Amino acid sequence: MDKKNGVRLVTVLLSLLTISFSVIPVFAGNGKNQLPDKTVKRVIEHSLEKDGILYNHNIQVTVKDSVITLLGVVKTLSEKEKAEQDAYKAEENYAVVNNIMVQPSGLSGKAIAQNVVDQIYKNMFYSIFDWVTIQVDSGVVTLRGWVYEPWHKTEFEDEAERAIGVLNVVNEIKVLPNSPLDDQIRFRAARLIYNDPSFIQYAYQINPPIHIVVDRGKVILEGFVDSQFDKNWAGNLVKFNTDAFSVDNQLKVPKLNTENIPEG
């Protein structure tokens, strides 16, 4: 064999070796190029710790026969769902069984409702054009009302799931229709109310208490005001100065020392 042919033979052999090694899977797994079960378990536990969900061995992770099982206790419904997401991300080809329980808080329904209110109110997207009510029954929270943007419905459900004491969320919030006429009415109503000298004290609050719901030309005023006069004046401003077909004034004048919790 001459030197030239020898070089060609070596080149061919190297090419064959490269091809052979390139098709060898890094992890044989179950013959499906999956990670070993122990590795999947470690990846999930690391994600849970990073997200602050795994502490004091509160969650047990088992991986067997392409099934990930989560068992344990967490503080909120949001943590339970986040744990399931972490499991799916670790190995998307595996099934996930989420047997995690949300720890009972022992809180009253009113206290749980207030927790949900606090979560939703601190969301920067909750505006005067949204109105969400809360009803609590044995830890099950039902959300009702209206939202101006479609994605707000899921956004506020996520906030409710972060509240302590919530075991489940039923989302019955309605999405208001996309309408140029409705937009014209809602923005006009907002300017009339919050630019009026009688409502200056409301306009500068972090969460202005008068909410303006517009549905196909019909206006619903929701929220809380300090007096019957304020309620009547807000309704008249909208009724006589906009193109609204009707005005349903549901503003409430709360008694002293009561919580302003919107009930469904």
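Note that the structure is predicted; figures quoted are calculated from it, not measured.
In this model, a donor atom of one side chain and an acceptor atom of the other lie less than 3.5 Å apart for Asp37 and Tyr94. Side-chain atoms of Gln228 and Asp230 form no donor-acceptor pair, as typed in the model, at a separation below 3.5 Å. Gln119 and Asn123 are not linked by any side-chain donor-acceptor pair at a separation below 3.5 angstrom, with hydrogens and angles left out of the test.
Here the CD1 atom belonging to Ile185 is positioned 5.5 Å from the CG atom belonging to Asp182, to the nearest 0.5 angstrom. Rounding to the nearest 0.5 angstrom, the gap separating the CG atom in Asp130 from the CD1 atom in Ile173 is 8.5 Å. Here the CD atom belonging to Glu149 is positioned 5.5 Å from the NE2 atom belonging to His152, to the nearest 0.5 angstrom. Distance CG/Leu71 to OG1/Thr62: 8.0 Å, rounded to 0.5 Å. Taking CD1 of Ile112 as the reference point, atom CD1 of Ile164 lies at 10.0 Å (rounded to 0.5 Å). Between Tyr202 atom OH and Asp226 atom CG the span is 3.5 Å, to the nearest 0.5 Å.
Salt-bridge check for Lys153 with Glu157: failed, with every basic side-chain N at 4.0 Å or more from each acidic carboxylate O. Between Lys218 and Asp215, none of the side-chain N atoms (NZ, or NE/NH1/NH2) sits under 4.0 Å from a carboxylate O, so this pair counts as no salt bridge. Glu79 and Lys82 are not joined by a salt bridge, as no carboxylate oxygen comes within less than 4.0 angstrom of a charged side-chain nitrogen.
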Step-by-step side-chain contact (heavy atoms from CB on, under 4.5 Å) determination, Asn236 to Asn241: CA-CA 8 Å; Asn236 289 336; Asn241 298 281; over 6 Å; no

I would like to know whether Ile100 and Val73 meet side-chain contact (heavy atoms from CB on, under 4.5 Å); could you show each step before the answer? CA-CA 6 Å; Ile100 295 175; Val73 179; 5.9 Å; no

Apply side-chain contact (heavy atoms from CB on, under 4.5 Å) to the pair Leu70 and Val97, showing each step before the final yes or no. CA-CA 6 Å; Leu70 304 175; Val97 178; over 6 Å; no

Between Arg162 and Thr76, is the side-chain contact (heavy atoms from CB on, under 4.5 Å) condition met? List the steps. CA-CA 6 Å; Arg162 295 186 181 99; Thr76 66; 5.6 Å; no

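When hydrophobic clusters are built by joining Ile, Leu, Val, Met, Phe, Trp and Tyr residues whose side-chain heavy atoms come closer than 4.5 Å, directly or via intermediates, Val67 is not grouped with Tyr88. Val43 and Leu54 are members of different hydrophobic clusters when ILVMFWY side chains are connected at heavy-atom separations under 4.5 Å. A continuous path of ILVMFWY side-chain contacts below 4.5 Å connects Phe156 to Val175, so both sit in one hydrophobic cluster. Linking Ile, Leu, Val, Met, Phe, Trp and Tyr residues whenever their side-chain heavy atoms come within less than 4.5 Å places Val147 and Tyr121 in a single cluster. Cluster annotation: Val238 and Leu181 are assigned to the same hydrophobic cluster (Ile/Leu/Val/Met/Phe/Trp/Tyr, side-chain heavy-atom contacts under 4.5 Å, transitive).
Note: Phe229 and Trp233 have parallel aromatic rings, judged against thresholds of 30 and 60 degrees for the angle between ring planes.
In terms of modelled atom types and a separation under 3.5 Å, the side chain of Asp86 and the main chain of Ile44 share no donor-acceptor contact.
With His211 as the partner, the ring-ring contact (aromatic ring centres under 6.0 Å, His included) test is satisfied by one option alone out of Phe224, Tyr194, Trp146, Tyr126: Tyr126.
The ring-ring contact (aromatic ring centres under 6.0 Å, His included) test applied to Phe129 returns Tyr148, Phe187, not counting sequence neighbours. Every residue was checked against the side chain to side chain contact (heavy atoms under 4.5 Å, CB included) condition with Pro180, not counting sequence neighbours, and none meets it. Residues that satisfy the side chain to side chain contact (heavy atoms under 4.5 Å, CB included) test with Glu172, not counting sequence neighbours, are Thr142, Arg144, Val170.
Closest approach of Leu167 to Ser138, counting heavy atoms only: CD1-O, 3.8 Å. Val247 and Lys239 get closest at one heavy-atom pair: CG2-CA, 3.7 Å. Of all non-hydrogen atoms in Ala160 and Val116, the two that sit nearest each other are CB-CG1, 3.9 Å. Looking at every heavy atom in both residues, Ser105 comes nearest to Gly165 through OG-CA, 3.3 Å. In this structure, Val214 and Leu176 approach most closely via the heavy-atom pair O-CD2, 3.6 Å.
Val61 has its side chain out of reach of Thr69: every pair of non-hydrogen atoms, C-beta onward, lies at least 4.5 Å apart. A 4.5 Å side-chain heavy-atom check between Leu237 and Asp196 finds at least one atom pair inside the cut-off.
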